[in-house]
Amino acid sequence: MISKPPEWADYKEAPITGSWLKRWLKSRFRYVDYPFLLAYRGYGNPEKFILQGHVFRGMALTRPRRRHSAWKNFISLIKMFLIRTVPEATVQLDMDGVMHKAKTNENGFFEFEITRHGLSAGWHQFELTLMDELVEGQESVNLEAEVMIQDDFEYGLISDIDDTFLVSHVTRVFRKLYVLLTKNSESRKPFKGVVSFYGLLAKGVSPKPNPFFYVSSSEWNLYDFLIRFMRFHDLPKGVLQLKDIKDNWRDFFKAGSFRGHDHKRLKIERILKMYPNKKFILLGDNGQHDPYIYLKLAEEYPTQVKAIYIRAVKKSHRDGVNRELAKIDDKAIPSLQFKRSAEAMEHARREGFIG
């Protein structure tokens, strides 16, 4: 998650610049011209870990609730894209007195890759500090970041998000936009049975918990929304890897677009390489490119892909996906295209993945 999300109450006295009209508009949207440091859950093994985040100058703050009106949800969505990223900013990571520094790129994105860290398995928290003064009178900008260190687990889970566990209607453009614009993290719905299924996968059949990685073509702008959705619906805590951030409010109409899925394969490969001796179950849907990305990964990493599950959300794609899944039969990798979570759960039980 965003380890400590900024709240409007903390920043309502922060500077708002511009003409009287701009200041009025910004105050209506709760937009403040102040630096924000956001960190995303990191992950690693006993040898190294990766921790990522963004630096913003200016952000519109909001916390939608379940009973909010469609209009409030619409405004909340726009606010996710009312940001200005800060390039060339310096962020410091404090590891028990040992300091590491990273610079943001042209999109305000930073990444730490720390080796020989000496951390035990589990979740760890560290303090991040923005080292640059971006506005006059700026106070210290600090944030607690979370990192998951894992190595000794039965198998890992790598799951898509939209139309895999979150009902999104990605293949139906107008329906997708309606849901996106009128619902929030508490009023959106998961597929029936998926929470129980994911909970069983996280437990596996050994006493060691299995880590979850959620890799999606949604933008980093939606990170806080997705974390809140997963927490509200009791989905397993995990690491999210999303697409490049968008810093133009007009881009919210393009959120989760049909283009640019290659990043998903690259990020999954990075996870596989972080745990080269571990197997992973891949979960996706047949609405876009998941089956083909996963089959390519099964060809290139046959010893690491344990199984593939594809939710059938688009009827016209089912036969083609089944033909593709048949290609990995000779690799002894179980696969299933399913319509209901109960089907996948029963298959996983027969394969011995869950108790």
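Position 1 is the first residue of the sequence; numbering continues from there.
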Rounded distance (nearest 0.5 Å) linking atom [atom1] of [X] with atom [atom2] of [Y]:
X      : Y      : atom1 : atom2 : value
Arg228 : Asp224 : CZ    : CG    : 5.0 Å
Ile310 : Thr164 : CD1   : OG1   : 7.5 Å
Phe353 : Leu200 : CZ    : CG    : 13.5 Å

May I ask you to test the [X]-[Y] pair for a side-chain heavy-atom distance under 4.5 Å?
X      : Y      : result
Ile281 : Tyr309 : yes
Glu219 : Lys246 : yes
Pro211 : Leu157 : no
Ile161 : Leu242 : yes
Arg188 : Ser168 : yes
Ile149 : Val147 : yes
Trp220 : Ile83  : no
Phe229 : Leu235 : yes

Less than 3.5 Å apart, which donor and acceptor atoms pair up between the side chains of residues 86-98 and the rest of the protein, not counting sequence neighbours?
unit_1: Thr90; atom_1: OG1; unit_2: Lys103; atom_2: NZ; d: 3.2
unit_1: Asp94; atom_1: OD1; unit_2: Asp96; atom_2: N; d: 3.4
unit_1: Asp94; atom_1: OD1; unit_2: Gly97; atom_2: N; d: 2.8

With a 6.0 Å cut-off on the ring centroids, do [X] and [Y] count as close?
X      : Y      : value
Phe56  : Tyr34  : no
Tyr155 : Phe153 : no
Tyr43  : Phe213 : yes

Q | Of Leu325, Leu283, Leu297, the residue whose pairing with Ile308 passes side chain to side chain contact (heavy atoms under 4.5 Å, CB included) | A | Leu325

Q: Run the numbers on Gln150 and Asn45 for side chain to side chain donor-acceptor pair (under 3.5 Å), then give the verdict.
A: CA-CA 5 Å; Gln150 285 286 359; Asn45 59 36; over 6 Å; no

Q. Quick one: which of Phe36, Tyr40, Tyr223 gives a ring-ring contact (aromatic ring centres under 6.0 Å, His included) with His54?
A. Tyr40

Q.
Per the side-chain hydrogen bond (donor to acceptor under 3.5 Å, both in side chains) rule, what does the pair list look like for residues 121-132, sequence neighbours excluded?
A. Thr129-Asn142

Q: List for me each residue that meets side-chain contact (heavy atoms from CB on, under 4.5 Å) alongside Ile333, sequence neighbours excluded, and say none if there are none.
A: Ala298, Val305, Ile328, Lys331

Q: Determine whether the side chains of Thr85 and Asn107 contain a donor N or O and an acceptor N or O closer than 3.5 Å.
A: no

Q) Cut-off 3.5 Å, side chains only: do Glu133 and Gln138 have a donor facing an acceptor? A) no

Q. Can you tell me if NZ on Lys203 sees more than 12 non-hydrogen neighbours from other groups inside 6.0 Å?
A. no

(Q) Just checking Arg318: does its CZ atom have more than 12 heavy atoms from other residues, nucleotides or ligands closer to it than 6.0 angstrom? (A) yes

Q) Would you call Arg311 and Asp290 a salt bridge, using N to O less than 4.0 angstrom? A) no

Q: Using a strict cut-off of less than 4.0 Å between a Lys/Arg side-chain nitrogen and an Asp/Glu carboxylate oxygen, indicate whether Glu300 and Lys273 qualify as a salt bridge.
A: no

